[in-house]
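Structure first, then comments.
One is the number of the first residue; the rest follow in order along the sequence.
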Amino acid sequence: MSLVQTMIYQDARRQLWTGILLSSISIVFILGMVTVNPSSFIISVVYAAIFAITGAGLLKGGYADLQKSKTVSDFEPDPTQNSLERVPARMYMGQNKLKSFQAGLFDMDGKSYGEIQENIEWKHKALTMFTAVFSYDHFRPAIFTFKNQAGEPLYQIEKKGGFKWRGYIQHKEGAYVAYTKQTKNKTTGQRITRYIEGDQCRWSAEGDDFIGHFKIRDHEGKVWAVIKRGAIPREAAERFEKMPGYLVEWNIRDNIPASLLAFLFLLHSKER
């Protein structure tokens, strides 16, 4: 098996086992509906739905990845040349709470510099909104399309579900070009998420997972940006206070590669 086949096969097994576990827990709550005090009936219904829907999503995603692992091609070089010529010093990357399947990168005036949108058939959109409410969205697998400022699709972003997160990037022609790898800094204990292209780390995010502040570096160690989860910019508080996401403070503001934006959106998808 190629590297990408092996990794997706591992993701498939992990999602299937997690889906079985959560589905089993939902059965416990269903049984509890008829055996416990009636006053807890509504609570049992809610938790049964959450575990059942999350488990079903993981089983579906795991099975799809199991089939994909048999046919997918190995990683290829990323041919994408698209970039943002210049960005504001402070931006916000967030999602509309009513549309958990969509997120954007905005300046303080609300102008979009790119977005991701989950790949959902229109006939399933209402069901997806229901799923977003009655599921552990953090555990749910999802596939997004990343579009640049002009609305052109550049990448497909895959977020694998389960207790252990991993992400992949495909360019618009469909080939896999990058994946994420998570480690810890043994000295500081901080989490490091690396964006791996070929045999090198092109981007990395290192910081405190609890606080949610991360420095984004390139392969030479140069800091391009600092992202802060849940930090609402005071100059645009009313615009973004109901939009979960990250404040993005750029150290380097010129010629921002599309792969870096894809990495930021991939990190955002993990927290959704």
Side-chain angles (χ1 to χ4, degrees), residues 3-4 6-11 13-15 18 74-75 77-78 80 83 87 90-95 103 105 114 116 136-144 146 155-171 176-231 244-253 255-272:
L3 176 60
V4 69
T6 300
M7 294 170 64
I8 290 179
Y9 177 74
Q10 293 170 348
D11 293 326
R13 285 175 54 87
R14 186 178 66 253
Q15 290 174 109
T18 308
D74 206 356
F75 290 104
D78 185 1
T80 307
S83 65
V87 295
R90 285 160 61 86
M91 302 182 75
Y92 193 79
M93 175 174 284
Q95 70 186 48
L105 177 64
I116 57 170
Y136 285 116
D137 220 22
H138 182 81
F139 294 156
R140 186 170 68 88
I143 300 175
F144 305 88
F146 166 54
Y155 293 111
Q156 184 165 278
I157 296 174
E158 291 188 12
K159 167 202 167 191
K160 302 306 180 185
F163 296 111
K164 183 180 179 181
W165 171 83
R166 181 150 59 193
Y168 297 87
I169 300 290
Q170 294 173 272
H171 69 62
Y176 283 88
V177 297
Y179 66 96
T180 62
K181 182 178 181 180
Q182 290 191 314
T183 58
K184 273 194 175 183
N185 186 315
K186 295 181 179 180
T187 302
T188 64
Q190 293 185 329
R191 187 187 75 191
I192 305 174
T193 302
R194 293 184 169 89
Y195 180 101
I196 309 296
E197 270 188 16
D199 59 355
Q200 86 167 10
C201 171
R202 182 168 185 185
W203 307 106
S204 68
E206 180 175 357
D208 189 296
D209 202 24
F210 179 77
I211 297 175
H213 290 190
F214 300 94
K215 290 183 178 180
I216 310 300
R217 293 184 169 92
D218 62 16
H219 66 282
E220 296 177 343
K222 187 185 302 180
V223 177
W224 282 64
V226 176
I227 62 174
K228 301 176 180 179
R229 185 177 64 228
Y246 286 92
L247 176 66
V248 182
E249 298 177 335
W250 293 100
N251 285 24
I252 299 174
R253 298 172 57 190
N255 300 317
I256 307 300
S259 62
L260 174 53
L261 299 179
F263 181 47
L264 294 181
F265 275 118
L266 191 51
L267 293 172
H268 181 275
S269 76
K270 178 181 183 295
E271 305 296 342
R272 58 190 289 282

| Is there a donor-acceptor pair under 3.5 Å between the side chain of Arg229 and the backbone N or O of Asp209? | yes
| query | Backbone N or O of Trp165 within a donor-acceptor pair of the Arg14 side chain at under 3.5 Å? | reply | no
| task | For Trp250, enumerate each residue passing the side chain to side chain donor-acceptor pair (under 3.5 Å) test, keeping only those at least two apart in sequence or located in another chain. | result | none
| Given the rule in the side chain to side chain contact (heavy atoms under 4.5 Å, CB included) test, do Tyr176 and Met7 qualify, once you have shown the distances and angles that lead to the verdict? | CA-CA 12 Å; Tyr176 283 88; Met7 294 170 64; over 6 Å; no
| query | Are the side chain of Lys160 and the backbone N or O of Tyr168 linked by a donor-acceptor pair below 3.5 Å? | reply | no
| Nearest-0.5 Å distance that lies between atom CZ in Phe146 and atom CD in Gln156 | 13.5 Å
| message | Set out, in order, the CA-CA distance, both residues' side-chain angles and the distance that settles side chain to side chain contact (heavy atoms under 4.5 Å, CB included) for Leu267 and Phe214, then state yes or no. | response | CA-CA 10 Å; Leu267 293 172; Phe214 300 94; 5.9 Å; no
| task | Step by step, work out the side chain to side chain contact (heavy atoms under 4.5 Å, CB included) result for Tyr179 and Val4. | result | CA-CA 9 Å; Tyr179 66 96; Val4 69; over 6 Å; no
| Among all residues two or more places apart in sequence or in another chain, which pass the ring-ring contact (aromatic ring centres under 6.0 Å, His included) test with Tyr92? | Phe240
| So which of Ile116, Thr193, Ile169 actually passes side chain to side chain contact (heavy atoms under 4.5 Å, CB included) with Leu266? | Ile169
| said: Could you measure the distance from the OH atom of Tyr195 to the CD atom of Gln200? Nearest 0.5 Å is fine. | reply: 11.5 Å
| task | Begin with the C-alpha distance, continue with both residues' side-chain angles, and end with the deciding distance and a verdict on side chain to side chain contact (heavy atoms under 4.5 Å, CB included) for Glu206 and Lys215. | result | CA-CA 5 Å; Glu206 180 175 357; Lys215 290 183 178 180; 5.5 Å; no
| field | Interatomic distance, His219 atom NE2 to Arg194 atom CZ [nearest 0.5 angstrom] | value | 14.0 Å
| Short side-chain to backbone donor-acceptor contact, Arg253 and Val87, under 3.5 Å | yes
| said: Would the distance check show the side chain of Gln15 and the main-chain N or O of Gly161 forming a donor-acceptor pair, the cut-off being under 3.5 Å? | reply: yes
| task | Taking atom CZ of Arg202 as the centre, report whether more than 12 heavy atoms of other residues, nucleotides or ligands fall under 6.0 Å from it. | result | yes
